[in-house]
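Data first, discussion second: the structure below is written as structure tokens.
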Amino acid sequence: DVCSSDLAAMDTESFRVNRTFGLTPESMAWFWDHYLPAGTDRTDPYISPLRSTNLAGLPPAYVVTAECDPLRDEGNAYAAALRAAGIEVDHECFAGQIHTFFVNAHAFPEGMRAVETAAAHLRRAFNTAS
């Protein structure tokens, strides 16, 4: 079972309903297995920041999620957890978009908008001219 306890939970509603948009439970298991060696505690907050009990002191964040992404609910929850910890958060969940819309911005107008917004946040964070 690719959703076994040795993997990241993969148990959110968005993971259940968005299984056919490229990022499947099988591919997520493959990514986890290549990201972390066997035996690594995948619940460690340094690996899964949403599992942290203290997010205070983190820098401002721009969190991008996509409606049709299996990871949407985790991203939305992370943005909410940051906000609850007093972190300045700009969070956008892009309607109708899939997991790869950001990295394929050339093919997705909303992806380009997300990339441009992220770049603007970085420019402000690094205090550089636009």
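Since this is a predicted model, take the numbers as computed values, not measurements. This chain uses plain numbering: 1 for the first residue, then up along the sequence.
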Please name all residues satisfying ring pair (Phe, Tyr, Trp, His ring centres under 6.0 Å) with H34, sequence neighbours left out, ordered by chain then number.
-> W30
With F94 via ring pair (Phe, Tyr, Trp, His ring centres under 6.0 Å) - residues at least two apart = F101
Polar side-chain atom of [X] near backbone of [Y] as donor-acceptor pair, under 3.5 Å:
X    : Y    : answer
T100 : V103 : no
S48  : P45  : no
E67  : G96  : yes

Would you please test V63 and V89 for side chain to side chain contact (heavy atoms under 4.5 Å, CB included) and show each step?
-> CA-CA 7 Å; V63 178; V89 177; 4.3 Å; yes
Output all residues satisfying side chain to side chain donor-acceptor pair (under 3.5 Å) with E110, sequence neighbours left out; order by chain, then residue number.
-> R113
Could you pull out all residues at least two apart from T117 that satisfy side chain to side chain donor-acceptor pair (under 3.5 Å)?
-> none
Provide the full list of salt bridge (Lys or Arg N to Asp or Glu O under 4.0 Å) pairs with a residue in residues 54-63, sequence neighbours left out, each pair given once.
-> none
Shortest non-hydrogen pair, D69 vs L71, comes out as OD1-N, 2.9 Å
Nearest non-hydrogen partners of A107 and P109, listed with the distance = O-CD, 3.9 Å
Can you list the other members of the hydrophobic cluster that holds F126, where links are side-chain heavy atoms under 4.5 angstrom apart?
-> L122
Under 4.5 Å between any side-chain heavy atoms of C93 and R72, yes or no?
-> yes
Distance (rounded to the nearest 0.5 Å) between E116 CD and R123 CZ | 8.5 Å
Results of side-chain contact (heavy atoms from CB on, under 4.5 Å) for [X] - residues two or more places apart only:
X   : value
L36 : W32, T40, R42, I47
A84 : none
A85 : L55, I87

Could you check L23 against M28 for side chain to side chain contact (heavy atoms under 4.5 Å, CB included), going step by step and ending with a plain yes or no?
-> CA-CA 7 Å; L23 191 56; M28 279 301 300; 3.6 Å; yes
With sequence neighbours left out, which residue pairs that include part of residues 52-61 fulfil the side-chain hydrogen bond (donor to acceptor under 3.5 Å, both in side chains) condition?
-> none
Pairs where residues 57-66 contributes a residue and the test side-chain hydrogen bond (donor to acceptor under 3.5 Å, both in side chains) is met, not counting sequence neighbours = Y62-E92, T65-N76, T65-H91
Are V64 and L82 in one and the same hydrophobic cluster, where Ile, Leu, Val, Met, Phe, Trp and Tyr link if side-chain heavy atoms are under 4.5 Å apart?
-> no
